[in-house]
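Comments concern the structure below.
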Amino acid sequence: MENIEIAKIFHEIADLLEIKNENPFRVRSYRNAGHVIAELPENLKSIVENDEPILDEISGIGKSIHEKIVEIVKTGKCKFHDELLKELPPTILELLQVSGIGPKKVQLLYKELGIQSVSDLEKAAKAHKIHTLAGMGEKTEENILKAIENLKQSKGRFKLGIAMTYAVPLIEYLKNIDGVIHVSEAGSLRRRKETIGDIDILVACKKGSRVMDRFIAYPEVREVLAKGDTKSTVILRCGLQADVRVLDKKSYGAALQYFTGSKAHNIAIRERAKKMGLKVSEYGVFDEKTDKWIAGETEEDVYRAVGLPWIPPEIRENAGEIESALNDKLPHLIDVKDLKGDLHVHTTETDGASTLDEMVESAIKQGYEYIAITDHSKAVSIAHGLDEKRVLRQIEEIDKLNKRFTVYGSRFTVLKGIEVDIKADGSLDLDKDVLAKLDVVVAAVHSRFNMTEGEMTARIVKAISSGIVHIIAHPTGRLINERMPYAVNMTEVLRATKMHNVIMELNSYPDRLDLNDIHCKLAKEMGVMIAISTDSHSRFHLENIRFGIYTARRGWLEKKDVLNTMPLNKALKILKRK
DNA sequence: GCCGTTTTCGGCCCGACTGTTTTCAGTCG
C-alpha cells in the first residue's frame, strides 16, 4: 500500500461526503489529509508498521484520520469509505471530472434522474432530460455535452515535456503582441509538476492592448470556451486547455503568486496573512480592516508582506516550505548550471541513435566536463546489449578517445560505464571482473516487472549490496501515464543504498522522471546521494536534463545532494568509495 | 474533522464567472 493509494481513499471520502452535502469543513479535512499524505516523503505503511510517532506531528492529521490510516495499512480497507460507497455508487465520482459539474449537481442528477456515470449523463443530456431539473437550463445541457467531449479528448493530464512544447511558443506569441509588458506561465506548469492539467498564462499589458483578440486568433486554437476582458479560455489543437488572464501591472505579482498555487500553499499563506490582520487575493495584500492596498507588484513583495522570503514555485505544495521559510531554512535549489556531466547515456553500440563521437561532442557543447557512456548489457537483447567482450572493446575505444583529448589539451573526460541489467534473482548481467574495470556501473531492472513488492525489493537490494554497483537507474520503472511503477519498498531500498554508499538516479527522461519528486525528498532526508542523468538515446536527448532538474527542485535537492554537480576528481572519489 | 501567539469551542481562504435567476447558488482555480 503506497501513500498515493491511501491518499486516494481520503480524496474519495471527501468527494462522497461533499455529494452527500456534509459539513464543508469536514470535507475539507479529508481532502486536506489526502493532499498531505500524497506529499509525504515517508512511507506510511512503514511508519505504521514500525510504530513511528511521526503521524502525531503531521498538521492536518488528527485523531480520526490517524485511526483510519492505521486501519487502511492494517486491513487494506477503510470501513467508513466502504459504507459511503454503499450509499452512493462508486462510478458517481467520475461525474466530478466533467467540467461544470460539482458535488451539488451530482447529487441532483443522481437523486432526480438516477444518473451514476458519465455515460448516463451523456445519454440524459442528449435526450434533453437535464433542463427539466431545477437550476438547470438549455445552456447547462449544451455545456455538459461539450465538457464530456473535452473530457474524452484530453484523457487526463499532459506530461510536462509535452505541455511545454505547446506552452513555450504560445508564450512567445503573446510576448510579441503590442502593449504587452510581462508574460509568465503560472499554475502547475510553473511549479513544473510532472503532469499538467492546463496551461495557465498571465499577461500584464498597457491599457487598450488587444491581447485577448490576438490570443483567440492564435493559429493553434481549436475552440474558444470563454472570452472576457480579463480571462479567456481556449482548447488548443493538441487538446490542451489554455487560460490567459490579463492584469494590471500593479497586481501582477499578487496574481502570479495566486495563480501559481498550489492551492494548498495559497490557503496556508492566506491563513497566515489572516492571523496578521491581512487579506491576500490575486489583486494584492490588503489590510483586513481598512482594505488598504499594501503590496502586489512583485511576488517578492507579496511574500515579504506576510513576513516570508520568496519561495521557489517548485516547492509551493504546503509540504513544509512555509515552515522552512519562517526558520530561514529554505533550500538553495539546484540549477541546471550546477551540473558538470551526465552519467547515463547510450550510443549506436546498443540502442542509441547517435555515435560515441556525436554524444561526446554534444556533451562538450552542453558545457560539461565529463560524460559516462552506459550502454545496455546483453540481457536487453532487443537493444543489442553488450557482452563482456564488447564491453572490453568499448573500454579500449574510450581510452583512445580520452588520449586524443589530452593531446589537444581539452579537459573533457569520457567515463567508461555500463547500464547493467539486474536479473530476476538480483544478480548482475555481466562478470564482476569486467564491471570492475569500469568507472561507472549503473544497474537497472528491465524485465519481470510483475514481481511482488517483497521479491522486487529483495532483487534490487541484492544488486545494491553487490559491492560493484554505483548507481541504480530509474529506480521504480514507471512510465508516466503509461506504466505504473513496479511494486517496491522505496524506504527499504534507500536504506540499503545509504548503507552501501550507492547512488540513486533521477532519470530526466520526461516520460520517466524516476525517482519522482517525493522520492527525491525522501532520499535527501535519508542522506542518500542522487545522480541526475538523461538516459539519452540520442544526442538531442541531453537537453532533457532540464526536466530532471525541475523534478530535483520539486524534491528540494540542492547542489550538494547531487553527484554530477561535482568536478570530475571529486565525483570519481565518491564513485571509488565502494 | 482539525486546530490554537485571541481560542480546547468556534472558527475554518478568496474572488470571478456562469447560468439561472430577480438576489444567488454552484463551480472553478
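Below, read A as the first sequence line, B as the second, and so on, with proteins coming before strands; counting in each chain starts at 1.
For DNA chain B, none of the residues of residues 309-328 of chain A falls under the heavy-atom distance limit of 4.0 Å. Of the residues in residues 160-174 of chain A, none lies under 4.0 Å from DNA chain B by heavy-atom distance. Sorted by residue number, the members of residues 73-102 of chain A with any non-hydrogen atom under 4.0 Å from DNA chain B read A/V98, A/S99, A/G100, A/I101, A/G102. Listed by residue number, the members of residues 279-302 of chain A with any heavy atom below 4.0 angstrom from DNA chain B are A/K279, A/V280, A/S281, A/E282, A/Y283.
By the ring pair (Phe, Tyr, Trp, His ring centres under 6.0 Å) test, A/Y258 is found to be paired with no residue, residues two or more places apart in sequence or in another chain being considered. Evaluation of the salt bridge (Lys or Arg N to Asp or Glu O under 4.0 Å) rule for A/E138 yields no partner, not counting sequence neighbours. For the side chain to side chain contact (heavy atoms under 4.5 Å, CB included) test, residues two or more places apart in sequence or in another chain that qualify with A/H332 are A/E558. The side chain to side chain contact (heavy atoms under 4.5 Å, CB included) search around A/T132 returns none, not counting sequence neighbours. In this structure, the side chain to side chain contact (heavy atoms under 4.5 Å, CB included) partners of A/K249, at least two apart in sequence or on a different chain, are A/I181, A/E297. A search for side chain to side chain contact (heavy atoms under 4.5 Å, CB included) contacts involving A/N21 returns A/K104, A/Q107, not counting sequence neighbours.
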Protein-nucleic acid N or O pairs under 3.5 Å, nucleotides 22-25 of chain B:
none

Listing time: all N or O pairs from protein to nucleotides 7-11 of chain B that are below 3.5 Å?
none

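By the 6.0 Å contact criterion, CG on A/D178 is open, its count of non-hydrogen atoms from other residues, nucleotides or ligands being 12 or less. Within a 6.0 Å radius of CZ in A/R210, no more than 12 heavy atoms belonging to other residues, nucleotides or ligands are found.
Between A/L225 atom CG and B/dT27 atom P the separation is 18 Å, expressed in whole Å. A/L55 has its CG atom 14 Å from the C1' atom of B/dC2, to the nearest Å. If you measure from atom CG of A/N143 to atom C1' of B/dG26, you get 13 Å, rounded to the nearest angstrom.
Using modelled atom types, one finds no donor on one side chain facing an acceptor on the other under 3.5 Å when comparing A/Y110 with A/K105.
Side chain of A/T140, nearest nucleotide from B/dG19, B/dC12, B/dC2: B/dG19.
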